[in-house]
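Any value given below was found using the heavy atoms of this structure, including those in side chains, with hydrogens, waters and symmetry copies removed. As the structure is a prediction and not an experimental result, all values here were calculated from the model. Indexing begins at 1, ligand by ligand and atom by atom, following the structure's order.
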Amino acid sequence: MYNISNIRNDFPILSRQVYGKPLVYLDNGATTQKPRQVVEVMTDEYYSVNANVHRGVHFLSQQATELHEGSRETVRQFIHAHSTNEIVFTRGTTESINLLASSFCESQMQAGDEVIISTMEHHSNIVPWQLMAARRGIAIKVIPMDDRGELLFDEYCKLFTPRTRLVSVAHVSNVLGTVNPVERMIAFAHSQGVPVLVDGAQSIPHMPVDVQALDADFYVFSGHKVYGPTGVGVLYGKEEWLDRLPPYQGGGEMIQTVTFEKTTFNELPFKFEAGTPDYIGTTGLARALDYVTALGMEQIAAYEHELTTYATEQLKQIPGMRIFGEAEQKGSVISFLVGNIHHFDMGTLLDRLGIAVRTGHHCAQPLMQRLGIEGTVRASFGLYNTKEEIDALVAGILRVSRMF
Ligand code: PMP
């Protein structure tokens with residue numbers, strides 16, 4: 001049952017004050033708050049189980065390993081992967097993309113081969129490819145978008161050439177909120193024999209995701225954006241792909257045998273998990289996924305949709321309001337500017353009223369260039385936000401506007 005006051009009670013931070021005002025936390029696109037269930041399960045594991053995983057014969061190590069591998073199974077179920085061999089634990093979306101860029105380019109791309117990304121990518125889905133462009137001579141092509149913030153599908157199709165090796169695209173834009181038609185994009189890429197990486201950082205917390213239904217070859221996300229801990233994330237890859245890719249980092253855990261002459265690598269998914277994993281973090285992530293599953297991803301999506309629609313209607317009534325991103329399919333993110341008020345001034349003054357929003361380029365400078373602006377104010381909603389908080393945001397903006 002979606003009982004908002006019970007839900008909010010699970011998140012102690014939501015009842016704190018800042019500058020003597022009740023906190024209105026609208027920066028969920030950057031990171032989400034944690035329910036006590038997540039923090040408690042991690043504390044319990046530190047207090048009563050902690051031991052390094054996979055390598056121990058002793059009781060605690062086996063128990064920690066069972067928890068860690070159980071978390072992998074929770075992630076598998078959550079995104080409906082075929083096998084736990086396809087779930088690689090990483091530090092987050094950024095590391096997942098860097099891992100893939102490195103391993104994929106090294107084994108599947110030659111100088112002159114091409115990767116397709118989009119105008120609305122986060123820097124973490126741009127810069128790793130630029131590093132590969134500098135090191136290995138690959139080329140980057142960019143899908144354009146219209147003024148509403150929707151990718152141009154026909155232009156996307158025209159970017160494919162015999163040298164296209166990979167498409168890497170955000171499921172949901174962290175600035176515009178656009179939900180990209182990744183299923184259709186994947187189907188087209190596959191018709192050209194090209195695999196697709198989906199950056200799910202902004203979709204995983206907000207909608208049900210089924211990697212098999214999407215037919216995504218790779219799907220990545222961060223734990224901290226889905227009510228889990230920082231420092232842990234996921235790279236999903238189809239087994240047939242991960243099998244073909246070389247390791248990213250070397251060290252313990254990822255090997256089968258080592259001599260000074262030669263090393264053979266461990267099986268999936270351990271081949272990609274060098275060193276001690278964040279096994280307490282994976283427990284926290286699994287608990288966070290259980291938490292949102294119990295609420296129901298469909299219910300969360302419907303509730304957040306209602307909030308976003310309400311917020312959009314209210315914000316549009318503010319004189320001088322400009323909203324960036326008006327795609328037909330839009331997630332719970334609203335980027336805006338009001339009159340000539342600088343985004344930084346707006347963010348700072350809202351903060352004094354207890355309202356936490358993000359300002360700036362949102363790690364998407366090329367998108368800002370496309371929009372012809374330096375930055376925006378961004379309000380992004382989570383499963384615990386309320387209409388009263390949106391009213392507080394609107395009242396706050398009006399108050400700031402009157403000051404200018
Ligand atoms: N991609 C998108 C679309 C994002 O919104 C973010 C985080 N703002 C990232 C990637 C990077 O995530 P992380 O910093 O957790 O690695």
Do we get K271 above F265's six-membered ring, with its NZ or CZ under 6.0 Å from the centre and within 45° of the axis?
-> no
Quick check: are there more than 12 heavy atoms from other residues, nucleotides or ligands sitting under 6.0 Å from CZ of R8?
-> yes
Do the ring centers of Y236 and F78 come within less than 6.0 Å of each other?
-> no
Any protein N or O within less than 3.5 Å of an N or O in ligand 1? List each pair with its distance, or say none.
unit_1: ligand 1; atom_1: 1 (N); unit_2: D199; atom_2: OD1; d: 3.4
unit_1: ligand 1; atom_1: 1 (N); unit_2: D199; atom_2: OD2; d: 2.5
unit_1: ligand 1; atom_1: 5 (O); unit_2: Q202; atom_2: NE2; d: 2.7
unit_1: ligand 1; atom_1: 8 (N); unit_2: H122; atom_2: NE2; d: 3.3
unit_1: ligand 1; atom_1: 8 (N); unit_2: K225; atom_2: NZ; d: 2.8
unit_1: ligand 1; atom_1: 15 (O); unit_2: S222; atom_2: OG; d: 2.7
unit_1: ligand 1; atom_1: 15 (O); unit_2: H224; atom_2: NE2; d: 2.7
unit_1: ligand 1; atom_1: 16 (O); unit_2: T94; atom_2: N; d: 2.9
unit_1: ligand 1; atom_1: 16 (O); unit_2: T94; atom_2: OG1; d: 2.5

Could you tell me whether H54 atom NE2 has more than 12 heavy atoms of other residues or ligands within 6.0 Å of it?
-> yes
Over 12 non-hydrogen atoms of neighbours within 6.0 angstrom of CD in Q329 = no
CD/E239: more than 12 non-hydrogen atoms of other groups inside 6.0 Å | yes
